[in-house]
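Read the numbers this way: they start at 1 and go in the same order the structure lists the ligands and their atoms.
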Amino acid sequence: MIQFGIIARNFSSSSAVQSAIKNVTVIGGGLMGSGIAQVSAQAGQNVTLVDVSSDVLAKAQKSIGTNLGRVAKKVYKDNPAEGEKFVAESLGRIKTLTDPAEAAKSADLVVEAIVENMEVKHKLFKQLDGVAPSHTIFASNTSSLSINEIASVVNRKDKFGGLHFFNPVPVMKLLEVVRGAETNDATYQAMMSWGKSVGKTCITCKDTPGFVVNRLLVPYICEAIRLFERGDASARDIDIAMKLGAGYPMGPLELADYVGLDTNKFILDGWHKKYPDQPLFNPIPLLDKLVSEGKLGVKSGEGFYKYDKK
Ligand SMILES: CCCCCCCCCCCCCC(=O)CC(=O)SCCNC(=O)CCNC(=O)[C@H](O)C(C)(C)COP(=O)(O)OP(=O)(O)OC[C@H]1O[C@@H](n2cnc3c(N)ncnc32)[C@H](O)[C@@H]1OP(=O)(O)O
Ligand SMILES: NC(=O)C1=CN([C@@H]2O[C@H](COP(=O)(O)OP(=O)(O)OC[C@H]3O[C@@H](n4cnc5c(N)ncnc54)[C@H](O)[C@@H]3O)[C@@H](O)[C@H]2O)C=CC1
């Protein structure tokens with residue numbers, strides 16, 4: 001029934017890996033949560049996808065169906081009937097709920113992908129800690145917040161870590177597995193095995209700002225914006241330079257638009273507040289201006305570039 005071997009060969013640098021975790025609850029059905037639910041379901045996991053909004057859940061199911069279709073087209077290009085079966089079976093493994101507490105009761109692993117706000121994450125994890133079975137591992141997909149700080153409200157700090165995926169989740173092969181100060185070995189090993197079982201190449205990092213990728217990406221994107229702001233080169237030329245000169249799939253300003261300029265600003269402001277002496281994290285007037293004008297990148301139709309609104 002499970003086409004896991006085929007999927008793993010196509011989406012991972014490792015061969016099929018088994019994980020003791022079978023029941024995953026993904027909380028937050030937006031951009032990242034829907035992708036995490038998709039890769040979990042296509043690897044054979046039972047997934048409960050939770051969002052406070054049933055509209056978001058309906059949208060997530062639709063986009064997961066579309067994206068599974070893209071996977072099936074590639075993996076089963078010579079066997080469309082198998083491809084359809086793969087899509088239907090993967091979708092069949094995802095159930096949706098609007099109550100996080102209910103969803104946590106049967107979870108081996110909870111992956112949180114809700115808004116990037118410490119208070120909201122604290123409220124959620126406090127609630128889940130009271131209802132999830134004692135063996136359940138909690139993980140956050142946060143981009144920029146501290147795992148230790150998120151974990152500070154739960155009793156199971158030894159069973160808490162970071163699982164940081166990349167956008168678009170079904171395509172990006174990396175998973176950063178973040179060990180908090182109190183994450184125990186069993187939790188860390190379980191997170192690593194689970195990450196591999198959903199087809200990702202896992203790296204390990206400590207709970208430091210931005211982990212590995214965003215700690216490098218944030219200054220890189222910031223410097224690109226400052227270069228453009230000073231008028232040293234056009235947006236197009238900055239992006240062409242990094243694509244053709246450094247081999248990146250997207251230029252830094254395209255990537256800033258893709259991630260969302262509001263998200264970029266939110267991360268930068270948070271780090272500036274926390275590390276005021278670090279000049280790399282100083283505010284960027286052009287970024288502030290674009291966000292205040294509602295120019296948020298791809299999602300709003302304009303950022304450094306203009307886009308067709310979907
Ligand atoms: C600005 C101030 C300072 C702050 C800066 C802060 C920045 C960093 C903080 C970010 C915060 C949050 C982000 C985070 O935590 C971490 C991230 O996620 S960073 C972003 C990482 N992602 C990237 O870098 C993306 C780079 N781009 C690409 O890899 C490609 O451009 C992309 C795959 C997005 C699109 O490829 P392209 O060739 O342009 O388009 P196609 O549409 O043809 O797609 C190619 C290929 O992939 C398949 N595909 C695409 N999307 C999906 C999907 N969702 N599901 C399944 N498959 C998908 C598509 O079908 C194509 O397949 P083919 O077989 O090749 O046809
Ligand atoms: N957007 C990106 O490129 C990346 C984002 N992340 C991180 O992933 C997390 C989610 O980001 P996105 O998916 O982009 O956000 P999003 O805005 O697309 O989705 C967040 C979802 O969480 C839901 N939500 C909010 N509070 C909730 C609650 N208490 N219970 C259940 N659902 C709730 C919202 O309704 C929304 O649908 C954030 O922590 C972000 O930093 C990590 C990697 C990449």
Under 3.5 Å, N or O to N or O, is Ser143 touching ligand 1 that way?
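Between Ser143 and ligand 1, an N or O pair is found under 3.5 Å apart.
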[X] to ligand 1, any heavy atom closer than 4.0 Å:
X: Val213; value: no
X: Tyr220; value: no
X: Cys222; value: yes
X: Lys73; value: no

[Y] and [X], any side-chain heavy atoms less than 4.5 Å apart:
X: Ile64; Y: Leu49; answer: yes
X: Val259; Y: Asn264; answer: yes
X: Thr187; Y: Phe138; answer: no
X: Pro168; Y: Tyr258; answer: yes

Considering non-hydrogen atoms of the protein only, which is the closest contact for [atom], and what is the distance?
atom: atom 56 (C) of ligand 1; result: Pro170 CB, 3.7 Å
atom: atom 22 (O) of ligand 2; result: Ile114 CA, 3.5 Å
atom: atom 18 (O) of ligand 1; result: Asn167 N, 2.9 Å
atom: atom 49 (N) of ligand 1; result: Val171 CG2, 3.3 Å
atom: atom 4 (C) of ligand 1; result: Asn264 O, 3.6 Å
atom: atom 16 (C) of ligand 1; result: Phe166 CD2, 3.4 Å
atom: atom 3 (O) of ligand 2; result: Asn167 CB, 3.4 Å
atom: atom 50 (C) of ligand 1; result: Arg70 NH2, 3.3 Å
atom: atom 11 (C) of ligand 1; result: Ile267 CD1, 3.3 Å
atom: atom 19 (O) of ligand 2; result: Gly30 CA, 3.4 Å
atom: atom 39 (O) of ligand 2; result: Glu116 OE1, 2.6 Å
atom: atom 8 (O) of ligand 2; result: Asn141 ND2, 3.0 Å
atom: atom 35 (O) of ligand 2; result: Asp51 OD1, 2.7 Å
atom: atom 14 (C) of ligand 1; result: Asn214 ND2, 3.4 Å

Got a protein heavy atom sitting under 4.0 Å from [atom]?
atom: atom 2 (C) of ligand 1; value: yes
atom: atom 34 (C) of ligand 1; value: yes
atom: atom 37 (O) of ligand 2; value: yes
atom: atom 64 (O) of ligand 1; value: yes
atom: atom 39 (O) of ligand 1; value: no
atom: atom 15 (O) of ligand 2; value: no
atom: atom 24 (O) of ligand 1; value: yes

Nearest heavy atom to atom 20 (C) of ligand 2 wins, so pick from Gly33, Ala113, Gly35.
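Ranked by closest heavy atom to atom 20 (C) of ligand 2, first place is Ala113.
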Nearest heavy atom to atom 28 (C) of ligand 2 wins, so pick from Leu57, Val52, Val26.
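That would be Val52.
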Check if [X] has a non-hydrogen atom at a distance under 4.0 Å from any atom of ligand 2.
X: Ile27; value: yes
X: Val56; value: yes
X: His164; value: yes
X: Ser53; value: no

Heavy-atom distances under 4.0 Å decide this one: backbone, side chain, both or neither, for Glu176 against ligand 2?
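The answer is neither.
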Using a 4.0 Å cut-off to any heavy atom of Gly28, which atoms of ligand 2 qualify?
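Per the distance check, 22 (O).
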Salt bridge present between Asp185 and Arg179 (N-O < 4.0 angstrom):
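Yes.
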Under 4.0 Å from a heavy atom of Ile225: which atoms of ligand 1 are those, numbered in the order shown and with their elements?
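Result: 1 (C), 2 (C).
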